[in-house]
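A short worksheet on the structure shown next.
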Amino acid sequence: MRYCLHFDPSHCRNWIRLLIERLAEGGQVEFFSSQAEAVPHPAHIETLLYSEADRLFAGKSHLASPMDAALLAQMAPLAKADQDFDLVIDLVGDGAAPKGKASVTLLFNGFASERALITAIMQSGLPQIALRDQAGQIVATAEPSPELAKGVSGAMEQTYARVITLLLAWSRNPARWVAPLREQKVEWKSAGQVTSQAAKERIKAALKQIYYRLFLPSHWRIGWRWVADGSDGEGDDVWSNRSLAGPSWQVLPDHDNHFYADPVPWHKDGVHYLFFEDLDPRSQKGILSVLTLDEKGPTGPARPCLEEPFHLSYPFLIEHEGEVYMVPETSANRSVTFYKAENFPFGWKPYKTILTDIDAADVTITRHQGRWWLFCVTRDGGGGYSDCLSIFHADDLFGPWHAHAQNPVLIDKATARPAGNFVHMDGRLCRPVQDCSLSYGCQLQLVEVTHLSPEHYEQKTLAILAPNERWPGRKLHTLNRAGRLEVIDGAILRPRLAFFKKLADRIFRPAA
């Protein structure tokens, strides 16, 4: 594969060097410098980026840091316009890119150039990334997640990371699901507007420090309820209502400011168990705990059931050939491993590692059309950790597992990250997902998988669920059910002082 990168040397940044390195793993890369006269960004924009480099990044280099364009010559040769390329990647959009057998132009909210990226960030946050081919068709899109973005420079870095992800995925397999193009006017903010925005950011940062003194950084809690079994065709659960309506949600009590999240219920031998992430805010390391429930609620305190030297969460459970296995999130160990209990629900030991050297979160597995499918979010180097849906498939539960041809099949902050078990409804495969479009785990979407094969993936949204009076708080990010036990979780404000903690718990009490 012979690639040509058409770039603007007046706005050369570190991400281009990383893109060249990644592309060179699968072919030869050359670069072609734009012939247009260098047009610097307005002075007040450059001043803002320079100040952020020191204030937010302590002078450390990152993907959006400027680099000397001459350094590219050490990595890739200079291309000539009349050469025959397999793929031309136009990062400028000025009409001066060389011709190739195929070409794509990089767009941010519908427009090319770094100017479009920066103005989009300053107007509405991280933009939609799109690739437009030589025929003018949009052939790939991505919606990067902003969890780690700091300032304009940090948002640029997170976006550029997902530009690399999208370009590599599309070049390997151009047949991708494409979202509608989002267009936004490209217009610089004035110096006064930038100064005002920077002042607001500093005030927000100061208020954040005060917030952390008064409240825990985040506090997740679990909601549970008993729903109808649905045997008469009438359901009062979330999937039936496509809302949080139905029986009242009860809050699972926590202790000592531990937060409980990622609830996974399990029904075995007539007993309802609830597994969940149990995080001590002092250590910031999650373990997995379990308790049992009857019609009145928990029958005893939560007890640890699995702890590792690394962080654990999302204790996905699956039964296979009469045995129960757990696949907790072990992204901190860069692996996906099945665990088996020696004395259910305790004594979990590693049984089989099926994927290694992978940063995979919220692994969720199902059987569909004669094949095993594993969904997770993966982190491709940098960028956010909630926007890349990767799929693996296997004939046998314990492997070998094979990567989907389109991985990551989606780059979408709103519908990529799993939020609980798959649901099979009248032959349709559905799944809850974390909608991180506003912030991590801010709300849920219920989606239907409309096409699933080793070569192609598509889905559509059925409903969007946000916290409300039935489940008040700031976030809603997991949905699961086993038997009649249905569970969710979400975040609330949790004051550090015990008196105000009790007051906050009353304020955020679910409505009957």
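Sequential numbering from 1 along the given sequence is applied to the chain's residues.
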Fill in the blank from the handout: Residue pairs passing the salt bridge (charged side-chain N to carboxylate O under 4.0 Å, His left out) test with at least one member in residues 215-228, sequence neighbours excluded, are Arg225-Glu486
Practice task
Name the orientation class of the two ring planes belonging to His368 and His424 (parallel below 30°, tilted from 30 to 60°, perpendicular beyond 60°).
Solution key: tilted
Problem - Under 3.5 Å side-chain donor-acceptor pair for Asp489 and Thr478 - result: yes
Problem - Side chains of Ser145 and Glu147, donor plus acceptor under 3.5 Å - result: yes
Listed by chain and number, what are the salt bridge (charged side-chain N to carboxylate O under 4.0 Å, His left out) partners of [X], not counting sequence neighbours?
| X | value |
| --- | --- |
| Arg509 | none |
| Asp359 | none |
| Arg17 | none |
| Arg334 | Asp357 |

Step through it carefully: locate the ring centre of [X], locate the ring centre of [Y], and say whether they are under 6.0 Å apart.
| X | Y | answer |
| --- | --- | --- |
| Phe338 | Phe398 | yes |
| His393 | Trp373 | yes |
| His258 | Trp220 | no |

Exercise for the section: Taking Ser240 for its side chain and Asp236 for its backbone only, find out whether a donor-acceptor pair lies under 3.5 Å. Expected result: no
Problem - Gln128 (side chain) donor-acceptor with Pro180 (main chain) under 3.5 angstrom - result: yes
Practice task
Kindly check if the number of other-residue, nucleotide or ligand heavy atoms within 6.0 Å of CZ (Arg428) is above 12?
Solution key: yes
Problem - Over 12 foreign heavy atoms within 6.0 Å of NZ, Lys352 - result: no
[X]: what forms a ring pair (Phe, Tyr, Trp, His ring centres under 6.0 Å) with it, not counting sequence neighbours?
| X | value |
| --- | --- |
| Trp15 | Tyr160 |
| Phe316 | none |
| His267 | His272 |
| Trp239 | none |

Atom pairs and distances, side-chain donor-acceptor, residues 18-26, under 3.5 Å, sequence neighbours left out:
unit_1: Arg22; atom_1: NH1; unit_2: Asp380; atom_2: OD1; d: 3.4
unit_1: Arg22; atom_1: NH2; unit_2: Asp380; atom_2: OD1; d: 3.2

Handout entry: Pairing residues for Glu308 by the side-chain hydrogen bond (donor to acceptor under 3.5 Å, both in side chains) criterion, not counting sequence neighbours
Key = Tyr339
Just distance, no hydrogens or angles: give the donor-acceptor pairs under 3.5 Å from side chains in residues 408-423, sequence neighbours left out.
unit_1: Asp412; atom_1: OD1; unit_2: Ala414; atom_2: N; d: 3.1
unit_1: Asp412; atom_1: OD2; unit_2: Thr415; atom_2: OG1; d: 2.6
unit_1: Thr415; atom_1: OG1; unit_2: Gln459; atom_2: NE2; d: 3.1
unit_1: Arg417; atom_1: NE; unit_2: Asp362; atom_2: OD2; d: 2.7
unit_1: Arg417; atom_1: NH1; unit_2: Tyr385; atom_2: O; d: 3.2
unit_1: Arg417; atom_1: NH1; unit_2: Ser386; atom_2: OG; d: 3.1
unit_1: Arg417; atom_1: NH2; unit_2: Asp362; atom_2: OD2; d: 3.4
unit_1: Asn421; atom_1: ND2; unit_2: Asn480; atom_2: OD1; d: 3.2

Exercise for the section: Tell me, please, whether Phe344 has Lys268 positioned over its six-membered ring: NZ or CZ under 6.0 Å from the ring centre and within 45 degrees of its axis? Expected result: yes
